[in-house]
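Worksheet: the structure to be examined is printed underneath.
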Amino acid sequence: MQPGSCSPADRRLSALARHLQGSSAAMDHRTTLSASPTSGFDAAGSVFGHLARAPEDPILGVTVAYNKDRSPVKLNLGVGAYRTEEGKPLVLNVVRRAEHTLVNDSSRVKEYLPIVGLADFNKLSAKLIFGADSPAIQENRVTTVQCLSGTGSLRVGAEFLAKHYHQRTIYIPMPTWGNHPKVFTLAGLSVKTYHYYDPATRGLNFQGLLEDLGSAPSGAIVLLHACAHNPTGVDPTLGQWAQIRQLMRSKGLLPFFDSAYQGFASGNLDEDAQSVRIFVADGGECLVAQSYAKNMGLYGERVGALSIVCKTADVASRVESQLKLVIRPMYSNPPIHGASIVATILKDRNMFHDWTIELKAMADRIISMRQQLFDALSSRGTPGDWSHIIKQIGMFTFTGLNSEQVAFMTKEYHIYMTSDGRISMAGLSSRTVPHLADAIHAAVTRAV
Ligand code: PGU
């Protein structure tokens with residue numbers, strides 16, 4: 001399908017855009033109304049009485065529902081958050097050590113950070129994603145600003161593009177993380193989709209991807225998942241990345257990488273950054289949003305970075321000056337604690353090494369959950385081909401279960417997951433695999 005034509009996904013995005021725009025238009029109207037002494041109030045006298053209840057978030061709302069369930073066998077496989085074999089959240093040892101160092105250093109203060117955040121953190125984050133020997137860094141062509149985790153980095157990047165880039169259209173993969181279209185639409189970009197996933201093979205629809213990007217208007221922005229694509233767990237091979245790069249550069253498409261899982265795909269930080277580095281190596285421009293939520297387990301610290309790679313050092317410094325104007329009225333400057341933890345770990349050779357070991361252990365545990373779930377379904381003789389469970393990469397398995405089957409598993413087995421059939425493998429343990437396998441088996445053999 002041509003990107004210009006209207007797919008069901010594009011129609012859903014247009015409806016979302018209308019909805020988001022509609023709410024601000026309606027808000028303006030109501031502002032006028034509430035100026036009148038008699039209108040804008042409900043029977044109880046509230047100026048907010050007209051509000052409809054908004055639905056829960058499709059991902060974070062799964063945790064809300066899970067928390068209300070009193071069953072002892074309940075299992076939350078919705079949110080992408082790492083759990084131990086005991087099913088508990090994990091604070092990495094190296095993070096505890098870094099926090100100790102910070103707490104014991106009485107010279108540390110709680111002053112405001114600069115608008116762009118902690119300088120050390122920014123430098124080290126760029127090094128982590130682009131590589132220590134990256135010419136772009138050596139030539140000062142990269143500007144990096146600390147933002148509020150991956151989401152905040154995407155939003156700042158999107159606001160910057162909406163304000164300063166000549167093309168307002170961003171192509172996102174279909175499917176993608178559910179928050180992407182909302183972040184980009186609210187920032188003022190116009191969202192379109194490109195083919196990515198092939199439900200028939202449960203793999204990459206590489207032909208569809210090339211066709212869609214090939215017919216995108218010159219200069220359009222393209223959102224790429226750097227690794228461990230969410231929700232599909234399907235990544236292009238390095239050879240395919242090279243082809244995507246060639247096509248995008250030949251058409252002047254602007255890459256915007258979302259790197260939320262560096263280290264979680266292969267267990268190796270450099271390997272997981274290859275897609276980004278292939279693009280940066282050609283001297284062209286791109287944006288990268290990084291998150292430390294998953295790979296350092298700093299979910300609630302909201303620590304991430306936006307990097308913009310430019311053609312020259314001079315452009316990069318002007319870009320940074322404009323990023324400050326985006327950030328200042330949004331949240332003024334970012335929080336200090338999470339960035340200090342990250343900087344402490346990244347700049348200390350021993351701590352960095354220990355982090356890579358702990359990160360690899362998390363990635364390996366997820367891989368072993370894939371194998372265990374696959375084996376459990378095989379031993380039950382569950383109908384269908386489940387080999388995608390071991391082939392897919394990163395935190396999630398895109399099972400292919402439909403929303404009725406998911407609802408059945410939640411109702412009968414107290415298993416919580418997103419309605420698109422995505423399972424967070426990081427939420428599973430050896431103890432809970434049999435329960436999940438029973439539920440999937442029952443869902444595909446009994447549910448309508
Ligand atoms: N980008 C992608 C591709 C993601 O999967 C996520 C998190 C983010 C960005 C944002 O992460 P930050 O926490 O802002 O760094 N997705 C997870 C977490 C829950 C959520 O939806 O925020 C998920 O379960 O899909």
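First listed ligand is number 1; within each ligand, the first listed atom is number 1. Values below: all heavy atoms of this structure, side chains included; hydrogens, waters and symmetry mates excluded. These numbers come from a predicted model, not from an experiment.
Of all heavy-atom pairs spanning Gln392 and Thr397, the tightest one is OE1-CA, 3.4 Å. Nearest heavy atom pair, residue Met369 against residue Val433, reads SD-CG2, 4.0 Å. Considering all non-hydrogen atoms of both residues, Ala162 and Arg168 come closest at O-NE, 2.8 Å. Nearest heavy atom pair, residue Pro231 against residue Arg422, reads CB-CD, 3.4 Å.
Arg155 has a carboxylate O that lies under 4.0 Å from a charged side-chain N of Glu159, or vice versa, which qualifies the two as a salt bridge.
The ligand atoms of ligand 1 that sit less than 4.0 angstrom from a heavy atom of Val79 are 19 (C), 24 (O). Set against the non-hydrogen atoms of Gly150, the atoms of ligand 1 under 4.0 Å away are 12 (P), 14 (O), 15 (O). Close contacts of ligand 1 with Asp258, meaning ligand atoms under 4.0 Å from a residue heavy atom, involve 1 (N), 2 (C), 3 (C), 9 (C).
With hydrogens and angles left out, the side-chain atoms of His164 and Gln322 include a donor and acceptor closer than 3.5 Å. Counted by atom type alone, Asp270 and Gln274 present zero donor-acceptor pairs between their side chains at under 3.5 Å. With hydrogens and angles left out, the side-chain atoms of His195 and Asp212 include a donor and acceptor closer than 3.5 Å. No side-chain donor from either of Lys88 and Thr84 sits under 3.5 Å from a side-chain acceptor of the other.
In this structure, atom 22 (O) of ligand 1 lies nearest to the protein heavy atom Trp177 CZ2, 3.5 Å. The protein atom (non-hydrogen) at minimum distance from atom 12 (P) of ligand 1 is Ser149 OG, 3.3 Å. Of all protein heavy atoms, the one closest to atom 24 (O) of ligand 1 is Gly80 N, 2.7 Å. Taking atom 17 (C) of ligand 1 as the reference point, the nearest protein heavy-atom neighbour is Lys294 NZ, 2.9 Å.
The closest approach between Asn179 and ligand 1 stays at or above 4.0 Å for every heavy atom of the residue. Residue contacts with ligand 1 include Arg302, since one or more of its heavy atoms lies under 4.0 Å from the ligand.
In terms of polar-atom proximity, Ser291 is counted as a contact of ligand 1, with an N or O under 3.5 Å from an N or O of the ligand. In terms of polar-atom proximity, Ala293 is not counted as a contact of ligand 1, lacking any N or O under 3.5 Å from an N or O of the ligand.
Of all the heavy atoms of Arg422, the ones lying under 4.0 Å from any atom of ligand 1 belong exclusively to the side chain. Under 4.0 angstrom from ligand 1, the non-hydrogen atoms of Tyr261 all belong to its side chain. Residue contacts with ligand 1, taken as heavy atom pairs separated by less than 4.0 Å, involve Asn230 solely via side-chain atoms from C-beta onward.
Ranked by closest heavy atom to atom 11 (O) of ligand 1, the top entry among Leu298, Thr151, Asp57 is Thr151.
When Arg97, Lys360, Arg349 are each tested for a salt bridge (charged side-chain N to carboxylate O under 4.0 Å, His left out) with Asp354, only one passes: Arg97.
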